[in-house]
Amino acid sequence: MDKSMLGDLDGLPEEDKMRMAAMVDQLQIRDSLRMYNSLVERCFTDCVDTFRRKTLDKQEESCVKRCAEKFLKHSMRVGMRFAELNQGVATPD
Amino acid sequence: LRKAGQPTWRRSRYMFGMAEKEMEYRVDLFNRLTQTCFDKCVEKRYKEAELNMGENSCIDRCVSKYWQASLLILFLFADSFVYLFNCLKFLQLDFIIA
């Protein structure tokens, strides 16, 4: 992302700043909803294989919970490394 | 003269944007659910065009379990989703608990 482009935002008229903020808001919402949906799909696919009953058993439940938390931690780590690379910081081997 | 707070037309444009996001989310959820349960329940050999009894009950249970899993994850991250819920508060939130 080009840093200079974001720097110019302060010079925009009030109306445009609000539209920008609303747009960022909605993109964030959309991204959160997409992440949530793909997380549910992934964890269900990886954790549930039998359909003898219509409710999750204890094993499946804990698998889903662990999967979701693990993915979140993974996502945070990726974000951390991504930010480092964006700023041109030297990354470990 | 500008009135204090957002004028109604701008607020309704924001609502349209949020309603769009909600609709996208619902459609996406449905599509993933459909794909996933097809992969889990329907035999890939396609010996016939009809779903058999076993496939039917598998599908019913799969949908039920998928829904349960989605609520499980939703409540796990309730705190992270607070911002999300606050933005969507213009809309009725029954789509999540429905």
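What you see is a predicted model; the values in this text were computed from it and never measured. In what follows, every chain begins at residue 1, and chains take the letters A, B, ... in the order their sequences are listed.
- For A:N37 (side chain) and B:Y25 (main-chain N/O), a donor-acceptor pair under 3.5 Å exists by modelled atom type.
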(message) Between B:K65 and A:E60, is the salt bridge (Lys or Arg N to Asp or Glu O under 4.0 Å) condition met? List the steps.
(response) CA-CA 10 Å; B:K65 278 186 159 184; A:E60 290 168 334; 3.1 Å; yes
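- Only the side chain of B:T36 comes within less than 4.5 Å of a heavy atom of chain A; its backbone N, CA, C and O stay farther away.
- One finds no salt bridge joining B:D60 and A:K54 here, because no Lys/Arg side-chain nitrogen approaches an Asp/Glu carboxylate oxygen to under 4.0 Å.
- With a 4.5 angstrom heavy-atom cutoff, B:L29 touches chain A via backbone and side-chain atoms both.
- In this structure, the separation between CG on A:L33 and CZ on B:R26 is 11.5 Å, given to the nearest 0.5 Å.
- From B:D39, atom CG reaches atom CD of A:E41 across 8.5 Å, with rounding to the nearest 0.5 Å.
- Using a distance-only test at 3.5 Å, with no hydrogens or angles considered, a donor-acceptor pair links the side chain of B:Q68 to the main chain of A:L56.
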(message) As a quick check of understanding, evaluate side-chain contact (heavy atoms from CB on, under 4.5 Å) for A:T45 and B:K40, giving each step before the final call.
(response) CA-CA 8 Å; A:T45 303; B:K40 294 280 187 186; 4.2 Å; yes
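- For the atom pair NZ (B:K21) and CG (A:D31), the distance works out to 11.5 Å, reported to the nearest 0.5 Å.
- More than 12 heavy atoms of other residues, nucleotides or ligands sit less than 6.0 Å from atom CZ of B:F38.
- A heavy-atom distance below 4.5 Å is not found between the side chains of B:R32 and A:F44.
- Only the side chain of B:E24 comes within contact range of chain A, with heavy atoms under 4.5 Å apart.
- In this structure, the portion of A:R53 lying under 4.5 Å from any heavy atom of chain B is its backbone and not its side chain.
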(request) Apply side-chain contact (heavy atoms from CB on, under 4.5 Å) to the pair B:L72 and A:E61, showing each step before the final yes or no. (result) CA-CA 8 Å; B:L72 206 75; A:E61 236 189 72; 3.8 Å; yes
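- Highest contact tally toward chain A, considering only B:E20, B:R61, B:Q35, is held by B:R61 [criterion: heavy-atom pairs under 4.5 Å].
- Within a 6.0 Å radius of CE in B:M53, no more than 12 heavy atoms belonging to other residues, nucleotides or ligands are found.
- The shortest side-chain heavy-atom distance between A:F51 and B:C41 falls under the 4.5 Å cut-off.
- The environment of OH in B:Y46 is crowded: more than 12 heavy-atom neighbours from other residues, nucleotides or ligands sit within 6.0 Å.
- Counting non-hydrogen atoms of neighbouring residues, nucleotides and ligands closer than 6.0 angstrom, the CD atom of A:Q59 reaches no more than 12 such neighbours.
- Rounding to the nearest 0.5 angstrom, the gap separating the CZ atom in A:F71 from the CD1 atom in B:I73 is 10.5 Å.
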